[in-house]
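Reckoned from all heavy atoms, side chains included, excluding hydrogens, waters and symmetry mates. By convention here, the first residue in the shown sequence is residue 1. Whatever order the structure lists ligands and atoms in, that order sets their numbers, starting from 1.
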Amino acid sequence: MASEERLLDATLTATDFDPLAAEAPPARARAVVIGGGIIGASVAYHLARLGWTDTVVLERSRVSSGTSWHAAGLMTRTRGTHMQTELASYSRDFYRDLAALSGVDIGYYPNGSLSVARTSERLTELRYALTLAHHHGLPAGELTPDEIAAVSPILASRDLVGGVLFEEDATVNPGWSAYATARAAHYLGVRVVEGVRVTGFRLERGPGDGVRRVTAVETDRGAVECEVAVITTGLWSRDLGLLAGARLALHPAEHYWAQTEPVDGATRDLPIVRDLDGSIYVRHYRGGLLVGAFEPDGRPRATSAIPDDFSFGQFEPDLEHFGRPLARARERVPALAEARFKHYLCAPESFTPDGNFLLGETAETAGLFVAAGMNSQGIILGPGVGRALAEWIEQGAPTVDASEVDVRRFSPAQANAGYLFERTRESLGRLYAMHWPLQQPGTARGLRRVPLYDRLAAAGAVFGEAAGWERAMWYAPPGAAREHEYSYGRQNWFGAVAAEHRAAREAVALFDLSSFAKLQVEGPTALHAVQRVFTADLDRPPGAVVYTSMLNALGGVELDATVTRLREDAFLVVTSAAAQTRAFHWLRRHTGPDSVVTDVTSGLGVLSVTGPRSRDLLAGLTDADLSDAAFPFAHARELDVGWATALALRISFAGELGWELYVPVESLPVLYDQLAAAGAEHGLRHAGYHALDGLRAEKGFVHWGADAGPADTPEEAGLGSTVAHDKVGGFVGSAALLAAGPPRRRLVPILLADPEPLLYHGETVLQDGRLVGRVTSGAYGHTLGAAVGLAAIGREPAAVDEIVARGAVEVEIASRRFPATLSARPFYDPDGRRLRGS
Ligand SMILES: Cc1cc2nc3c(=O)[nH]c(=O)nc-3n(C[C@H](O)[C@H](O)[C@H](O)COP(=O)(O)OP(=O)(O)OC[C@H]3O[C@@H](n4cnc5c(N)ncnc54)[C@H](O)[C@@H]3O)c2cc1C
C-alpha cells in the first residue's frame with residue numbers, strides 16, 4: 001500500500017494487519033508485556049534492543065486495536081518539559097527510521113507544525129516552548145500573522161497575534177506505527193501473541209525480604225511465569241493494576257476528530273495547525289482535512305461503560321458536543337464551512353490527574369511495571385517512553401529524570417474512580433488550555449483536606465493541590481478575592497506572599513505542613529535498616545535530626561528526607577507530601593522483615609513556626625529552655641506547647657530560626673489556636689507554600705522532584721553533604737556511587753539582576769551566548785528583590801567550576817534574555833547563621 005493511502009483511515013480493522021504470530025503464549029518468559037498498542041510494542045522493542053529478547057507481548061485482541069489505531073497521528077518534538085521533549089524528540093527520529101526497521105510503511109511525513117496564538121498570553125506560552133525547543137537544538141521560529149498566512153494559506157490569521165513553527169514535527173499513521181513497532185520487536189525475537197487476555201497475576205512474597213513480587217501473569221490461555229510484567233494496556237490499565245494490588249490513577253475520556261472530503265488547498269505539505277485557544281487542531285488527510293478537538297468540557301467514560309470486547313471500536317459521536325470546537329475550527333479554516341465531513345470519530349483515550357503519564361515500577365508490587373495514561377500523547381511519546389521504561393527495567397532504576405511521570409507520585413487515594421471521573425472532565429481540555437505557571441486544577445478538589453482546613457480557610461487561605469491534599473498556598477488579606485489569578489507576570493498573590501515572606505524573615509510565620517509524609521521505622525533492627533536505606537550516618541543519639549537522601553541502584557536520588565531518631569529502636573522519616581507512596585513502599589522493600597514501617601501521615605499534624613521571633617513566641621507557651629545551648633539546631637525534643645505535647649524539631653525550610661511541631665491530629669486545633677492567639681504580639685502571620693518556596697529558593701535548599709531526581713547523583717543534585725561515604729557496610733546505591741564518574745552537572749544558586757521577570761523551572765542558562773545549563777526551580781526572592789532559584793550547570797563537566805566562578809550569565813525566559821548571577825553559595829545567609837544560631 002502506498003504511503004498516501006496509509007494515512008488515517010477510520011475503517012481500519014483487524015483484517016488489515018497480517019498476524020505477527022499465531023502461537024499460544026509460552027509457559028515462561030523473562031518479561032511479559034501486556035497490551036499490544038504503541039506503548040506495549042515500544043517497550044517490547046526496546047527491551048529486545050537491550051538483550052531482553054525473551055519477551056512476550058500478550059494482546060487480548062489484535063495489535064493496535066485499542067486506542068492506537070485511531071489517533072490523529074500528530075508527532076511533535078517539543079513538549080512542556082525537558083525530559084518529555086527528549087522522549088518526544090527521540091520518538092520523532094524513531095518513526096523516521098521505522099519503515100527501515102520493520103518493512104512497514106507508516107505514512108511518516110515531516111510537514112512541521114504551527115501553533116497559533118489568539119492572545120498575547122498564549123504567545124508568551126509559545127515563546128516558553130520556543131526557548132525549550134532551542135535548548136534542545138530543534139529548529140523552530142516565531143511567525144507574525146502575515147507569515148502564518150504565507151506558511152498555511154488555508155488559515156484565517158487576521159485575529160492572531162502570532163505563532164511558532166516547529167519545523168521538524170511530522171505526521172504518521174498511528175495504527176500502522178504501532179503495528180510496525182511490534183513487527184520490529186518481532187524481528188528482534190520478541191513473541192507477539194494476539195487473542196490472549198490477561199486475567200490476573202501470581203504474586204509471592206520473597207522468602208528473604210518479605211517483598212511482594214509478581215511471579216507470573218495469568219491469562220485465559222494459561223499462566224506465563226516471568227521476572228517482570230509490564231502493564232501497557234492503555235485505558236484498561238487501572239483495572240488490570242487492581243488485580244495486582246497496584247492503584248493506578250488514570251481514567252478514560254471520549255476524544256473526537258472528523259475527516260473531510262477533499263478541500264481546496266489542503267495539500268500534504270501544510271503544517272499541522274494547533275489553534276490552542278480554539279481547542280482544535282487541523283492536519284491534512286488525503287486531499288482533505290482532519291479536525292480534532294481538546295474541548296474544555298471533556299466527557300469521561302468509565303471502563304465499565306466500554307464493551308469488554310472493544311476492538312477497533314468507536315462510540316456514537318455526540319455532534320452537539322463536538323459541534324462547539326468544530327465551530328472554532330471553521331473560524332480558523334474558512335474552507336471547513338463548505339467542506340463535506342465524511343467521518344466523525346469518537347473514541348476513548350486515558351488521562352491522569354496531572355496530565356502526565358504513568359511510568360515505572362509500581363510501588364506496591366515488585367517486578368510489576370507500567371507505562372500508561374498517555375493523555376493523548378501516546379504516539380508522540382511512545383517510542384521514547386518504551387526506551388525509558390526498558391532501560392529502567394534493565395538497569396533497575398530510571399535513566400531519565402522521571403519524577404514528573406513516576407507512577408508513584410500519586411497517593412492511593414487518587415486512584416479513586418469517582419475522583420478520577422470528575423478530574424477527567426478537565427484533563428482532556430488541559431492539553432490545549434493555557435498552562436499557567438503554578439496553575440491549580442479546577443475540578444475534583446477536596447480529596448484530602450489537612451485537618452486544620454476550616455481554620456486556615458477562615459484565616460484567608462487559598463488552597464492548592466499536592467498528591468490530592470488541599471494545602472494553603474497563600475493567604476488573601478481581608479477583602480481580597482480568594483482565588484488564583486494566573487499570569488506570566490506577577491500574579492494577584494504577589495503582594496500577599498511578599499508580606500508572608502517578610503514575616504518569616506523579620507518576625508514569625510506559621511506554616512501548616514501537615515501534608516508531609518511521615519513514616520516510622522521501628523524494631524530491634526531499625527538502626528541497621530535506616531543505615532542501609534539512607535546515605536547519612538544515622539547512628540546518632542536519640543533526638544538527632546538528620547537531613548539525608550535515599551539512592552537507587554544507579555546511585556540516583558530516589559528521595560530526600562529528614563530522619564529523627566526517636567529512640568534507640570525508632571526513627572521518624574519525614575518527606576514531601578508527593579513522596580508518600582514511594583517513600584513508604586521503598587522503606588518497606590529495603591528495610592527487611594524485622595523492621596516495622598508504619599505510615600503515620602494521617603495521625604500526625606505539623607505546624608512550623610519560623611522567623612527570628614519564633615523563640616519568643618514559643619517561650620510564652622512552654623517552660624522548656626529553647627536557647628541554642630539547650631535546644632540546638634537539628635535536634636528534637638518533646639515539648640509541652642500550650643496544651644499540646646509536641647515533638648519539636650529545631651529545623652526550618654525557610655532558613656530561619658524555627659521549630660516544626662509534630663502533634664497528634666486531635667491536638668492540632670488547640671495547638672493552632674494557642675499559637676495564633678499568642679502570636680499576635682510577635683507579629684505572627686500565616687504563610688503558605690508560595691512563600692515557603694521563595695524562602696527556600698533564597699537559601700538554595702533543594703526541592704526534590706525539581707532540582708534533584710532519580711537520574712542525578714547526590715553530588716549532581718547538591719546533596720553531596722548528605723552522604724557518609726565511609727559508612728560501615730555501605731547503603732543502597734553506595735556501590736553505584738563509587739563506580740560513578742565525575743558529576744555531569746552541578747546545582748548552584750542563580751539570581752536575576754532585573755527585579756521584574758519571574759523564574760519557575762526549565763529556563764535556559766547561557767554564558768557568552770553559549771548554553772551552559774537550565775534553571776531547575778525558581779521563585780521570587782522577596783528579601784533579595786528578584787527571582788532566585790537553582791540551576792543545573794554543565795553540559796561540559798570540565799568547564800562547570802569555571803562557569804560558576806565567573807558567575808555572570810544570562811537566562812532565557814520565553815525567548816528573552818536577562819542578566820543573572822550564579823553563585824557557589826546561597827545568596828541569602830550563606831553561612832546559615834540565622835538557621836543555626838550562634
Ligand atoms: C481521537 C484520538 C486522537 C488521538 N490523537 C493522537 C495524536 O495525534 N498523537 C498522539 O500522540 N496521541 C494521540 N492520541 C492518543 C493515542 O492514541 C494514545 O495515547 C495511544 O494510542 C495509547 O497507546 P497505548 O499503547 O497506551 O494504548 P492502546 O493502544 O489502547 O493499547 C492497549 C492494548 O492493551 C490491550 N489490552 C487491554 N486489556 C488487556 C488484557 N487484559 N490482556 C491483554 N491485552 C489487553 C488492548 O486490546 C489494547 O490493544 C489520540 C487518541 C484519540 C482517542
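Ring-plane geometry between Tyr281 and Tyr432 is classed as perpendicular, the angle between the planes exceeding 60 degrees on a 0 to 90 degree scale with a lower cut at 30. Note on ring orientation: taking the six-membered ring where Trp is involved, the planes of His251 and Phe421 are perpendicular (angle over 60°, cut-offs 30° and 60°). The aromatic rings of Trp236 and Phe310 sit tilted relative to each other, their planes meeting at an angle between 30° and 60°.
Here Asp54 pairs with Arg191 in a salt bridge; the nearest charged N to carboxylate O distance falls below 4.0 Å. Salt-bridge annotation for Arg92 and Asp169: absent, with no side-chain N of the basic residue lying under 4.0 Å from a carboxylate O of the acidic one. With respect to Arg423 and Glu426, a salt bridge is recorded, a charged nitrogen being found less than 4.0 Å from a carboxylate O.
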Legend entry - Step-by-step salt bridge (Lys or Arg N to Asp or Glu O under 4.0 Å) determination, Arg77 to Asp93: CA-CA 9 Å; Arg77 277 188 191 270; Asp93 293 344; 2.7 Å; yes
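Within the 4.5 Å cutoff, the side chain of Val405 has heavy atoms near those of the Met83 side chain.
More than 12 heavy atoms of other residues, nucleotides or ligands shown are found within 6.0 angstrom of CZ on Arg96.
Taking each of Leu58, Leu74, Thr199, Ile39 in turn, the one with a heavy atom nearest to atom 9 (N) of ligand 1 proves to be Leu74. Comparing Glu194, Arg60, His70 by heavy-atom distance to atom 43 (C) of ligand 1, the nearest is Arg60. The closest non-hydrogen atom to atom 49 (O) of ligand 1, taken over Gln314, Gln377, Glu59, comes from Glu59.
Checked against a 3.5 angstrom limit, the closest N/O atoms of Tyr256 and ligand 1 fall outside it. Considering backbone and side-chain N/O atoms, Val198 comes within less than 3.5 Å of an N/O atom of ligand 1. No N or O atom of Arg197 sits closer than 3.5 Å to an N or O atom of ligand 1. By the 3.5 Å distance cut-off applied to N or O atoms, Ser61 is not counted among the residues near ligand 1.
The closest approach between Gly36 and ligand 1 falls below 4.0 Å for a heavy atom of the residue. The closest approach between any non-hydrogen atom of Gly73 and ligand 1 is below 4.0 Å. In this structure, Val196 has a heavy atom closer than 4.0 Å to ligand 1. Ligand 1 lies less than 4.0 angstrom from a heavy atom belonging to Pro348. Between Ser65 and ligand 1 there is a heavy-atom distance shorter than 4.0 Å.
From the protein, the heavy atom lying nearest to atom 1 (C) of ligand 1 is Trp257 CD1, 3.5 Å. Nearest protein heavy-atom contact of atom 12 (N) of ligand 1 is Ser376 O, 3.2 Å. In terms of protein heavy-atom proximity, atom 52 (C) of ligand 1 is nearest to His255 CD2, 3.3 Å. From the protein, the heavy atom lying nearest to atom 29 (O) of ligand 1 is Ser68 OG, 2.6 Å. With respect to atom 34 (O) of ligand 1, the closest heavy atom belonging to the protein is Gly35 CA, 3.2 Å. In terms of protein heavy-atom proximity, atom 28 (P) of ligand 1 is nearest to Thr67 N, 3.5 Å.
Between Phe322 and Phe341, the gap from one ring centroid to the other reaches at least 6.0 Å.
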